[in-house]
2 protein chains.
Amino acid sequence: MSILRRNTDYALRAMVNLAGHYGGDVVATRQLSTEEDISYQYAAKIMQLLHAAGLVKSTMGPHGGFSLARPPAEVSLLDIIKAVQGAISLNDCFLDVDACPRRSTCVISAKIAGLQEYIEKSLAGITLAEFATDSMSEQIKLGKEK
Amino acid sequence: MSILRRNTDYALRAMVNLAGHYGGDVVATRQLSTEEDISYQYAAKIMQLLHAAGLVKSTMGPHGGFSLARPPAEVSLLDIIKAVQGAISLNDCFLDVDACPRRSTCVISAKIAGLQEYIEKSLAGITLAEFATDSMSEQIKLGKEK
DNA sequence: GTCATATAGGAGTACTATAGTCCTACTCGG
DNA sequence: CCGAGTAGGACTATAGTACTCCTATATGAC
């Protein structure tokens, strides 16, 4: 099993795509779906989630579409993950205090709390700006493998 | 959603319990199930998984039960997690190379690969020995909260 | 105004994985 | 060699995820 769901993967790709168009035109869901290999219907669903979370702005009507609500440098991976699949937690007891009655004396929870914190900080530290510049430079020096 | 499944949580508790009895008597599944608040049938199932992974030794017949196959210091959290729920992966593409055709040019996968590695190293670094000594000292100075 | 094209969003389905149960087979102490 | 107590395999139910379908709403072009 993987931590990031496919949902989140799609959302990530869509956001990276939008980051590439930041400051320019809006991108329609149809275009996102073809460019990122996501079914149109499902892509629409995901864009709704991102919109509800305030990560993207939407423009309705013909020539409408989506654009980033904030500059790429201010959108972290954690933001996107939270919007789509909710907060990531090592164990249930970090999400719901009442999940486990043994919590107060639990040595396990105490040990992994540090790792939990590190993961969140790492994900919060990676922003869309890094992805965007990377993929741009990749487009320039085309042919470079991996 | 949490990364560690309930399954894994049960297994962790059972292993910590066994670590407390390391060198002494074997512990019966019935005893583990009552002490750790797990249904007997389900506990038996989890012990099977741990046994199949070679983490515990089993003794059948009356007065039988389980004991650690290795000293607590040589059993890591990662070992237990792998035995019960398989390897932890941030994204499917770390588990299955063919999961994503865009892999070679994927900037996302490249970015999170480092975090993936850190998580595994962290989990591999935490051993049962730490839990065992912690819970023992906790039993001695009883009354200490959290 | 109305038509075409876009997002918004609710309802529902198929599938998969997880949690949990039941039953049988096997051991070994008495 | 009996039976209490174990391991271990087969099975079921539930829940969550991925995905689709359909309808409503907004808006720019003609």
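Letters A, B, ... mirror the listed sequences (proteins, then strands); counts begin at 1. Just so we're clear, the structure is a prediction, and the values are computed from it rather than from any experiment.
Residues satisfying the side-chain contact (heavy atoms from CB on, under 4.5 Å) test with Q31(A), not counting sequence neighbours, are H21(A), V27(A), E35(A).
Residue Y40(A) has no polar side-chain atom (N or O) positioned under 4.0 Å from OP1 or OP2 of dT5(C). In this model, the phosphate group of dA18(D) is approached by a side-chain N or O of N7(A) to a distance below 4.0 Å at OP1 or OP2.
Residues from residues 76-84 of chain B placing a heavy atom under 4.0 Å of any atom in DNA chain D do not occur.
Taking every heavy atom of both residues into account, T127(B) and A73(B) meet most closely at CG2-O, 3.4 Å. The shortest non-hydrogen separation linking A11(B) to I80(B) is CB-CG2, 4.0 Å. K111(A) approaches E130(B) most closely through the heavy-atom pair NZ-OE1, 3.0 Å.
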Contacts under 3.5 angstrom, residues 39-58 of chain B side chains, donor-acceptor by atom type, not counting sequence neighbours:
| residue | atom | partner | partner atom | Å |
| --- | --- | --- | --- | --- |
| S39(B) | OG | Y42(B) | N | 3.2 |
| Y42(B) | OH | N7(B) | OD1 | 3.2 |

In residues 114-126 of chain B, what donor-acceptor pairs under 3.5 Å come from side-chain atoms, sequence neighbours left out?
| residue | atom | partner | partner atom | Å |
| --- | --- | --- | --- | --- |
| Q116(B) | OE1 | L90(B) | N | 2.8 |
| Q116(B) | NE2 | I88(B) | O | 3.2 |
| Q116(B) | NE2 | E120(B) | OE2 | 3.4 |
| S122(B) | OG | Y118(B) | O | 3.0 |

Identify every side-chain donor-acceptor pair in residues 61-72 of chain A under 3.5 Å, counting partners at least two apart or on other chains, and give the distances.
| residue | atom | partner | partner atom | Å |
| --- | --- | --- | --- | --- |
| R70(A) | NE | E74(A) | O | 3.2 |
| R70(A) | NH2 | E74(A) | O | 3.3 |
| R70(A) | NH2 | D79(A) | OD2 | 3.3 |

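Side chains of Y10(B) and V84(B) form no contact here, defined as non-hydrogen atoms less than 4.5 Å apart.
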Sequence-aligned protein contact record of nucleotides 20-30 of chain C, with B where the base is within under 4.0 Å of a protein heavy atom and S where only the sugar-phosphate is: BBBB--BBB--
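Between D9(A) atom CG and dC19(D) atom P the separation is 11 Å, expressed in whole Å. Separating the CG atom of D25(A) from the P atom of dA6(C) is a distance of 13 Å, rounded to the nearest angstrom. In this entry the distance linking CZ of R5(A) with C1' of dT16(C) reads 14 Å, nearest Å. To the nearest angstrom, P of dA6(C) lies 10 Å from CD of Q31(A). A straight line from NZ of K57(A) to C1' of dT7(C) spans 16 Å, rounded to a whole angstrom. Rounded to whole Å, atom C1' of dG9(D) lies 15 Å from atom NE2 of H51(B). L49(A) has its CG atom 15 Å from the P atom of dT7(C), to the nearest Å. We find that CG of L50(A) is positioned 13 Å from P of dG9(C), with the value rounded to whole Å.
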side-chain contact (heavy atoms from CB on, under 4.5 Å) assessment of I81(B) paired with Q85(B): CA-CA 6 Å; I81(B) 292 173; Q85(B) 69 177 51; 3.8 Å; yes
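The residue A52(B) sits apart from the nucleic acid: no heavy atom pair falls under 4.0 Å. Using a 4.0 Å heavy-atom cutoff across all strands shown, A44(B) reaches no nucleic acid atom at all.
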